[in-house]
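Basis for what follows: all heavy atoms, side chains included, without hydrogens, waters or symmetry-related copies.
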Amino acid sequence: MRQILFSLLVSIPLLACSTKEAPGPAHDHEKAAPKPGPAAAAAPTPHDHAASEKRPHADHNPRHGGLVTMEGDNHVEVVVGADGAIDLYVSDAVRTPIPPKDVTGTITIEPKGKEKQTLKLAPDEAKGSLAAKGPAPDKADYTWDLKVRGAPMKMTLTVPAGGTASLVDAPAHHPAGDHAHGSPHGGVVQSLGDGHVEVKLEKTGDITVWMLDAAEKPRSAKGVTASLRPVVAGAKEIQLAYDEKADALRGKIDPIKQDHLDGVLSITPAGGAAASLRFAFHLEEQGHKGHEGHGHEGH
């Protein structure tokens with residue numbers, strides 16, 4: 001009996017020791033696992049336009065087929081019909097509609113070389129707009145002078161013949177910037193006649209316009225005349241000058257503070273017909289490769 005007890009006392013510590021040191025699967029995994037190194041840098045997150053549009057002043061998409069403008073914390077979408085009907089849709093910083101009863105003001109129409117007229121804007125509760133009826137548009141300056149819940153808002157937009165639909169429907173299916181689909185210089189590309197025009201607006205206020213052929217290859221801008229009006233408060237139409245060295249048109253406005261800005265380009269190609277095109281610039285993306293704007297794609 002004493003011998004049996006002695007044998008048990010000896011075997012128990014040996015069993016415990018062998019169990020502790022035996023390399024089981026978990027032990028092997030721990031032994032083979034490499035020591036954690038420095039954390040890898042997070043991959044850059046793609047620009048999320050849907051998320052960015054929830055931020056104040058980030059959404060300039062038209063809701064009524066017009067053109068959206070901004071001043072201070074308010075937005076106005078202006079719609080001018082081919083028959084002269086005018087509707088202004090006012091919204092706040094995140095594009096929540098502001099009731100027409102909270103807005104008062106006038107709109108002044110100044111056709112090129114003709115007498116201007118000022119119309120009082122009246123609330124149209126059915127549409128949710130401020131409305132007026134003017135003459136059929138023919139490249140006239142429309143200046144609205146509003147008080148939005150007591151805050152002043154004044155801006156000018158040049159509207160071509162045919163109304164704002166001529167701007168919105170002008171081949172804007174090339175909004176711009178994706179180098180894999182056009183935009184040789186990182187600007188905004190739109191169709192013009194049998195070719196294209198590319199406009200680059202930088203936060204410094206520098207404007208450059210290049211002429212492109214049907215295949216989006218450069219062609220000469222010599223003989224082209226153009227001007228650009230940024231759709232921001234107090235902005236004036238800037239006449240662009242031909243730069244022979246760059247073979248492009250250039251101009252400059254004051255440095256731009258906002259990230260999103262629309263501009264209306266009035267352009268007459270050499271030997272071609274005059275046209276007005278609307279451009280939407282996304283300046284918050286300048287400096288990010290492949291994100292200077294939206295791709296030159298249909299949508």
Side-chain angles (χ1 to χ4, degrees), residues 47 60 67 112 139 141 156-158 160 166-167 170-232 234-298:
H47 182 75
H60 286 178
L67 189 140
K112 303 296 182 184
K139 197 176 182 185
D141 284 347
T156 299
L157 174 69
T158 302
S166 299
L167 296 173
H173 46 275
H174 297 314
D178 186 342
H179 295 165
H181 297 86
S183 185
H185 308 91
V188 181
V189 177
Q190 285 204 41
S191 299
L192 179 65
D194 61 352
H196 299 81
V197 59
E198 180 180 3
V199 181
K200 187 170 186 179
L201 175 64
E202 302 182 61
K203 279 222 165 186
T204 57
D206 291 288
I207 304 164
T208 310
V209 175
W210 294 272
M211 303 302 293
L212 308 173
D213 64 16
E216 296 166 7
K217 301 296 183 185
R219 66 181 181 188
S220 181
K222 192 171 184 178
V224 178
T225 60
S227 60
L228 187 138
R229 183 194 289 276
V231 187
V232 293
K236 296 181 179 179
E237 192 165 14
I238 304 298
Q239 195 68 37
L240 306 176
Y242 178 63
D243 182 331
E244 187 172 3
K245 185 175 180 181
D247 198 9
L249 302 174
R250 294 189 184 277
K252 188 173 177 66
I253 60 174
D254 292 335
I256 300 164
K257 297 179 181 178
Q258 59 264 52
D259 288 335
H260 296 178
L261 183 145
D262 281 5
V264 176
L265 180 75
S266 299
I267 184 167
T268 305
S276 293
L277 300 174
R278 168 184 171 266
F279 288 81
F281 302 100
H282 292 265
L283 306 178
E284 83 280 19
E285 296 176 349
Q286 286 188 358
H288 296 279
K289 187 176 180 181
H291 286 282
E292 277 87 350
H294 298 298
H296 184 153
E297 300 172 342

For [X] and [Y], work out which heavy atoms get closest and say how close.
X    : Y    : value
S276 : V264 : CB-CG1, 4.5 Å
H196 : A214 : CE1-O, 3.2 Å
L249 : A226 : CD1-CB, 3.8 Å
A221 : A248 : CB-CA, 4.0 Å
P160 : T158 : CD-O, 3.8 Å
Y242 : S220 : OH-OG, 4.2 Å

**Item:** Spatial distance of atom CG (L265) from atom OG (S227) [nearest 0.5 Å]
**Value:**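 Rounded to the nearest 0.5 Å, the CG-OG separation comes out at 7.0 Å.
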**Message:** How long is the straight-line distance from CZ of F279 back to CG of D262, given to the nearest 0.5 Å?
**Reply:**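 Those atoms lie 11.0 Å apart.
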If we ignore hydrogens and angles and just use 3.5 Å, is the side chain of [X] paired with the main-chain N or O of [Y] as donor and acceptor?
X    : Y    : result
E198 : Q190 : no
E216 : P184 : no
E202 : I256 : no

**Asked** Would you say K112 has more than 12 foreign heavy atoms packed within less than 6.0 Å of its NZ?
**Response**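 Buried by this count: over 12 neighbours within 6.0 Å.
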**Asked** Do other residues, nucleotides or ligands put more than 12 heavy atoms under 6.0 Å from the NZ atom of K252?
**Response**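 Yes.
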**Request:** Please step through side chain to side chain contact (heavy atoms under 4.5 Å, CB included) for the pair M211 and L192, ending with a clear verdict.
**Result:** CA-CA 9 Å; M211 303 302 293; L192 179 65; 4.0 Å; yes
**Request:** With R229 as reference, evaluate D141, I253, I238 under the side chain to side chain contact (heavy atoms under 4.5 Å, CB included) test and give the passing residue.
**Result:**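 Checked D141, I253, I238 against R229; only one passes side chain to side chain contact (heavy atoms under 4.5 Å, CB included): D141.
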**Prompt:** Salt bridge check: are D247 and R219 linked by an N-O gap of less than 4.0 Å?
**Reply:**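 R219 and D247: not salt-bridged.
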**Message:** Assess the residue pair L228 and L201 against the criterion (side chain to side chain contact (heavy atoms under 4.5 Å, CB included)); give the C-alpha distance rounded to whole Å, side-chain angles, the decisive distance to 0.1 Å, and a yes or no.
**Reply:** CA-CA 10 Å; L228 187 138; L201 175 64; 5.6 Å; no
